[in-house]
Amino acid sequence: MEAPAVPSNAFLAKIDAYRTRIDNALLLELRQRENSVFYRPLSRALKGGKRLRPILLLLSYECTSRITEDPLPAALAVELAHTESLIHDDIIDRDLMRRERAAFHASYGSEIALLSADFILSIILNIIARYKDSRVAQTLSSATSEMCEGELEELKLLRKKKKLGEYQYISIISKKTASLFEASTAIGAIIGGAKESEIETLSKYGRYIGITYQIRDDITDQERTTSANILKLLEKDTDKNAASKELSNSYLFKAKEQLRALAANDAKALLLKFTDFVASNAFTSS
Ligand code: IPE
Ligand code: IPE
Ligand code: MG
Ligand code: MG
């Protein structure tokens, strides 16, 4: 990975404003379940994420928007789907830490963790039902199916400790991670009333930036010996890290190539900068 360009304060302030909008809306959505036994655990589960997927959704919406249906609920839905997947993922990976503190199941136990993730699913369904366009629900449903498939395929490989080729590695991370990035950018475009070609462009962009992000996360995570990481199983006789960095760069390039097809506007310029920021994996906190 080349050293990331230092993001300007103006850029960081803009991204922070998106994050604040998302966090405030998440709080409001949760507050509607204030009397639920899940309220406190869920407030805890939602804390501290970088909100990459909902920000990508909002930026994709703004890049192509012709109509003004509110994209914010959908942005919450993708963040909630991500949250749910992390709760399950830490159980599957037997990871005890997440976002520099105890993982959800380590704090509450597996039973509450599993039920909380189910409860999150019920909130997602409620939110998605607010959209008349059935493509919103269909796109999210496809992504969550793929995520489950990717997680299971990865689990089987990790159990077998079998070496895997680059194609298989990309296929798995594409399913378990990039599918939700793709759904986020596609849904943003759909809600914005984008043309078919723009939806296609932003879908592909989301897939590629998702793959880039997971490869870079795997490279960073490799040192964590307790963590499940299929990158370690990648069959390469040469310098593994260099090869993986090259691989992630090639997907970053593909992601940016997609954006060239979109008309120039402020949102597109911000999305381009955000692409580098996501790929740099150099966030201050998570
Ligand atoms: C973590 O995703 C899981 C991966 C796909 C690598 P994020 O890095 O987006 O997680 P948070 O929500 O910001 O903690
Ligand atoms: C990311 O997988 C989780 C999902 C895509 C559901 P990982 O297991 O590789 O990510 P971390 O390292 O736990 O965040
Ligand atoms: Mg994990
Ligand atoms: Mg995992």
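In each ligand, atom 1 is the first atom listed, and ligand 1 is the first ligand listed. Along the sequence shown, the residues carry numbers beginning at 1. The analysis underlying the following values was restricted to heavy atoms, covering all of them including side chains, and did not include hydrogens, waters or symmetry mates.
Remark: side-chain polar atoms of Asn229 are paired, donor with acceptor, to backbone N or O of Asp218 under 3.5 angstrom. Of the possible polar contacts, none joining the Ser141 side chain to the Ala137 backbone as a donor-acceptor pair under 3.5 Å is found. At distances below 3.5 Å, at least one donor-acceptor pair connects side-chain atoms of Arg33 with backbone N or O atoms of Glu29. Side-chain N or O atoms of Arg216 include one that pairs as donor or acceptor with a backbone N or O of Ala279 at under 3.5 Å. Within the 3.5 Å criterion, the main-chain N or O of His82 finds a donor-acceptor partner in the side chain of Ser85.
Less than 4.0 angstrom separates some heavy atom of Arg99 from each of these atoms of ligand 1: 11 (P), 12 (O), 14 (O). Every atom of ligand 2 with a heavy atom of Thr177 under 4.0 Å away is listed here by number and element: 5 (C). Listed by number with element, the atoms of ligand 1 under 4.0 angstrom from any heavy atom of Asp217 are 6 (C). Within the listing of ligand 1, atoms 4 (C), 5 (C), 6 (C) sit less than 4.0 angstrom from a heavy atom of Gln214. Every atom of ligand 2 with a heavy atom of Asp221 under 4.0 Å away is listed here by number and element: 12 (O). Shown in contact with Gly49 at under 4.0 Å from a heavy atom are these atoms of ligand 1, numbered in order with element: 11 (P), 12 (O), 13 (O), 14 (O).
Closest heavy-atom contact between Thr185 and Leu202: OG1-O, 2.8 Å.
Not one N or O of Glu79 is nearer than 3.5 Å to an N or O of ligand 1, by distance alone. Considering backbone and side-chain N/O of Arg98, none are found under 3.5 Å from N/O of ligand 1.
In this model, no donor atom of one side chain and acceptor atom of the other lie less than 3.5 Å apart for Ser179 and Glu146.
At a heavy-atom distance under 4.0 Å, only side-chain atoms of Glu151, from C-beta outward, approach ligand 2.
Comparing heavy-atom distances from atom 2 (O) of ligand 2 across Glu84, Glu154, Lys176 singles out Lys176 as nearest.
Between Glu62 and Lys14 there is no salt bridge, since no side-chain N of the basic residue sits under 4.0 Å from a carboxylate O of the acidic one. Using a 4.0 Å cut-off between charged nitrogen and carboxylate oxygen, Arg19 and Glu79 do not count as a salt-bridge pair.
At a cut-off of 2.8 Å, Asp95 does not coordinate the Mg ion (ligand 4) through any N, O or S atom. Coordination check, Glu151 versus the Mg ion (ligand 4): failed, since every N/O/S atom of the residue sits at 2.8 Å or beyond.
Within the structure, the closest approach of Ile92 to ligand 2 does not fall below 4.0 Å when heavy atoms are considered. Contact annotation: Arg53 has at least one heavy atom less than 4.0 Å from an atom of ligand 1.
The Mg ion (ligand 4) lies at the vertex of an angle of 90° between the OD1 atom of Asp89 and the OD2 atom of Asp93 (rounded to 10°).
Residues Phe104 and Asp90 are not in side-chain contact: their nearest non-hydrogen atoms beyond the backbone lie 4.5 Å or more apart.
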